[in-house]
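Here is the structure we will look at, set down as structure tokens.
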Amino acid sequence: MAVTPDEMRYVPAEIETVINLGQRSCTSGMMIEIALRLDLAYLLETAPFQEYFRAIATNNYSFDQMFAKSIRLESQFHILMEILEEGVIGVNELGEIFACSHHAEEITRVSGSLVMGKRGEQVFPYIGFSKCLREKSRVKAQVKKINGINVSVEVVPVLRQDACVGAFAILQRFNDVEMRQGELRKQLLHKGHYAKYGFTDIIGDSQAIVRAKDILKRMAASESPVLLIGETGTGKELFAHALHQASRRKKEPFVAINVAAFPENLLESELFGYEDGAFTGAKKGGRPGLLEFAHKGTLFLDEVEGMSPMLQVKLLRVLQEREIMRVGGSHIISIDVRIVAATNESLEQKVEEGSFRRDLYYRLNTLPIMIPPLADRDQDMFLLIDHFKEELGSGFELTEPVRTFLKEYPWPGNIRELRNVVEYFIYTGHARITMEDLPPTVLKSGQFKLRPVMAAKGSPKEDSYSDTFWFVLEQLYEASQEGIYLGREKLLTKAKERYLPMSQQEVRNILADMAEKGFAKVSRGRGGSRLTLQGRQLWENHS
């Protein structure tokens, strides 16, 4: 086909269809009109046309500017369509499809090139294009099942001077949304929300600590909650870090919080987050909670026994349903978090007292483990002292009397207290540490604990104890020789083997009496009991 302004001599003879426009100036407007009427707009971008337009630039300057701007906007639009992580489908004022992004093709499994120009609701009946164009208002996001996948579908109108000139549908797969939220949570995490220590950082080669590490390594492979039971200062948080590092979640966040350090209302917003305007002083825009920060990772709850009954109910829901709701919020947020809790008190006793929910206790107590106190870790104490000396940059030496004293000292503050003692030694300024260099509090406590508990064998004080008392003392002494703990149930079983009638309450009373007199250290719950140095002296003098 040839179109000419009465210049037939330039028309090649072989062209069959010729449109003669008559004599007229070939302006850019005429060229565009011809191309549009013949549906050949793409020809305007070819080299011959571009060269022609440049040749008549004085008459077509405005056109060139508008045409170039149109090309840039179209290019930017297509780039935007492809970089968006959501699927985008666009229709014009007649509901005809003029745009379909690559992500939309993936979600709907429909080829964009095959649906161009077709009615949107004929191709995508689950998208409310007609409603959006008719009502000139947004169609809120709805969950649609598309090719077996849950997809959020929202339709937004394009308005110009109160006229609806088209609409865009936004499609988001739920899995994609969750993945992006996970990435954003990681970016929002403050420094330090990751596990810093592994099992190699747990110093010690005693039987008690090696056994605890072996058990915890096996627990790391599970996804069940873990309950760390141990005295204050035994390193429960260190074990929690190591557990996370050895688990499948090691590349995900590790978030730790001390429950007892927060008042109830503040702890709730800290754990669950809050929406904008949830309470006076709330941060504008709201804030995710630590449970959201720990998504796909581990949340460590230290001193979990300090949690209020109301928060215990909410934590139980997290463990059961893996769902949370922010303070002041109205929608459910799904999370995937492994809970590791720690306590230095008897949760069993708190359950009996009614201050801790029984159902939550059994949820947290799925995989319980005892963290051994420093007093039960044999020579680990001196390995730890060497470690702290290196860490603090000191080179002092311990005299033999000090080493003996430290071995017999009960260490009520465990490893935390030991580190304080090492730091105290450094500031004495002495290269050799003698008994005079011991901290006053430790020396006083140690002298009190290690003083003789009885005059001699056969004294009236010894005779005042019952046969059941001596039986329990004997069993605890044999257990201490083997380096193990002994619980009430085990004591009752051994008493039955000896045909010695004893009730559980009687055993409890004897153990309480021993603890009060300093003969034994009684751990609550499953921790068991063990003799102190005074208790060992009492039995050795008796036997």
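Computed from a prediction, not measured in an experiment: that's the story for all the values here.
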With distance as the sole test, does D302 use its side chain to make a donor-acceptor pair with the main-chain N or O of A256 at under 3.5 Å?
no

How are the rings of Y409 and F405 set to each other: parallel, tilted or perpendicular (split at 30° and 60°)?
parallel

Taking the side chain as everything from C-beta on, heavy atoms only, tell me whether F239 gets closer than 4.5 Å to T234.
no

Within a radius of less than 6.0 Å around CD of E478, do more than 12 heavy atoms belonging to other residues, nucleotides or ligands occur?
yes

Which distance, rounded to the nearest 0.5 Å, do you find between the CH2 of W411 and the CG of L418?
4.5 Å

Is a side-chain donor or acceptor of T343 paired with a backbone partner of E303 at a separation under 3.5 angstrom?
no

Evaluate the side-chain proximity of P225 to V340: yes if any heavy-atom separation is below 4.5 Å, no if none is.
no

Of all the heavy-atom pairs spanning L364 and A341, show the shortest one and how long it is.
CD2-CB, 4.3 Å

Quick test of your reading of the model: are D214 and R218 salt-bridged, counting only N-O distances below 4.0 Å?
no

Is any side-chain N of the basic residue among D336 and R249 closer than 4.0 Å to the acidic one's carboxylate O?
yes

For the student: nearest non-hydrogen atoms of L316 and R363, plus distance:
CD1-CG, 3.6 Å

Hey, can you tell me if W470 and W539 have their rings parallel, tilted or perpendicular (30° and 60° cut-offs)?
tilted

Charged N to carboxylate O below 4.0 Å: is that the case for K314 and E268?
yes

Under a 3.5 Å distance rule, please check whether T399 uses its side chain to pair with a backbone N or O of I433 as donor and acceptor.
yes

Where is the tightest heavy-atom contact between A294 and L299, given as atom of each residue plus distance?
CB-CB, 4.3 Å

Got a sec: does the CD of E353 have more than 12 other heavy atoms crowding it under 6.0 Å?
yes

Apply side chain to side chain contact (heavy atoms under 4.5 Å, CB included) to V143 and S152, showing your working.
CA-CA 5 Å; V143 178; S152 168; 5.6 Å; no

Assess the residue pair Q475 and L491 against the criterion (side chain to side chain contact (heavy atoms under 4.5 Å, CB included)); give the C-alpha distance rounded to whole Å, side-chain angles, the decisive distance to 0.1 Å, and a yes or no.
CA-CA 7 Å; Q475 300 305 317; L491 285 169; 3.6 Å; yes

When you measure from the side chain of D376 to the backbone of P373, do you find a donor-acceptor pair of N or O atoms at a distance under 3.5 Å?
no

Rounded to the nearest 0.5 Å, what separates atom CG in L291 from atom CD1 in I339?
6.0 Å

Working to the nearest 0.5 Å, report the span between CG of D386 and CE of M381.
12.0 Å

Verify the ring-centre separation between F254 and H241: is it less than 6.0 angstrom?
yes

Contact between P372 and I209 at the side-chain level, heavy atoms closer than 4.5 Å - yes or no?
yes

Step-by-step side chain to side chain contact (heavy atoms under 4.5 Å, CB included) determination, V522 to R530:
CA-CA 7 Å; V522 180; R530 64 185 185 280; over 6 Å; no

What are the two closest heavy atoms between I415 and F388, and how far apart are they?
CG2-CZ, 3.8 Å

Does CD in E154 sit with more than 12 non-hydrogen atoms of other residues, nucleotides or ligands closer than 6.0 Å?
yes

Mind checking whether V318 and E323 have side chains closer than 4.5 Å, heavy atoms only?
no

On the six-membered ring of F382, is R403 placed so that its NZ or CZ lies under 6.0 angstrom from the centre and within 45° of the ring axis?
yes

CG (L538) and CG (L533) are apart, to the nearest 0.5 Å, by 11.5 Å

Looking at side-chain heavy atoms only, is the closest gap between N509 and L511 below 4.5 Å?
no

Check whether more than 12 heavy atoms from other residues, nucleotides or ligands sit under 6.0 Å from atom NZ of K213, and answer yes or no.
yes

Nearest heavy atoms of L243 and A220, plus distance in Å:
CD1-CA, 3.4 Å

Please check this pair: side chain of N414 against backbone of L374, looking for a donor-acceptor N/O pair closer than 3.5 Å.
yes

Can any side-chain N or O of H244 pair as donor or acceptor with the backbone N or O of E252 at less than 3.5 Å?
yes

Examine distances only and state if a side-chain atom of R338 and a backbone atom of S224 form a donor-acceptor pair shorter than 3.5 Å.
yes

Run the side chain to side chain contact (heavy atoms under 4.5 Å, CB included) test on L227 and T366 for me, step by step, so that the C-alpha distance in whole Å, both residues' side-chain angles and the decisive distance to 0.1 Å come before the verdict.
CA-CA 7 Å; L227 181 62; T366 305; over 6 Å; no

Under a 3.5 Å distance rule, please check whether N147 uses its side chain to pair with a backbone N or O of I107 as donor and acceptor.
yes

Backbone N or O of M307 within a donor-acceptor pair of the Q312 side chain at under 3.5 Å?
yes

Donor + acceptor pair across side chains of Q349, E345 (<3.5 Å):
no

Do E86 and H103 have side-chain heavy atoms sitting under 4.5 Å apart?
no

Do Y197 and E237 get their side chains close enough for a donor-acceptor pair, meaning under 3.5 Å?
no

Can you tell me if K236 uses its side chain to pair, donor with acceptor, with the backbone of E231 under 3.5 Å?
yes

Side chains of R173 and E106: does their closest heavy-atom pair fall under 4.5 Å?
yes

Between M514 and V472, is any pair of side-chain heavy atoms under 4.5 Å apart?
yes

Are there more than 12 heavy atoms of other residues, nucleotides or ligands under 6.0 Å from atom CD of E516?
no

Which pair of heavy atoms, one from H430 and one from F396, lies closest together, and at what distance?
O-CB, 3.8 Å

Examine F356 together with Y361 and report whether their ring centres are nearer than 6.0 Å.
no

Say whether R322 and S334, considering side chains only, have a donor N or O and an acceptor N or O under 3.5 Å apart.
no

Working to the nearest 0.5 angstrom, can you tell me the gap between Y427 OH and S394 OG?
10.0 Å

Please verify the inter-ring angle class for F469 with F519; under 30° counts as parallel, over 60° as perpendicular, anything in between as tilted.
perpendicular

Once you round to the nearest 0.5 Å, how far does CZ of R248 lie from NZ of K296?
12.0 Å

S346-E348 side chain donor-acceptor pair, cut-off 3.5 Å:
no

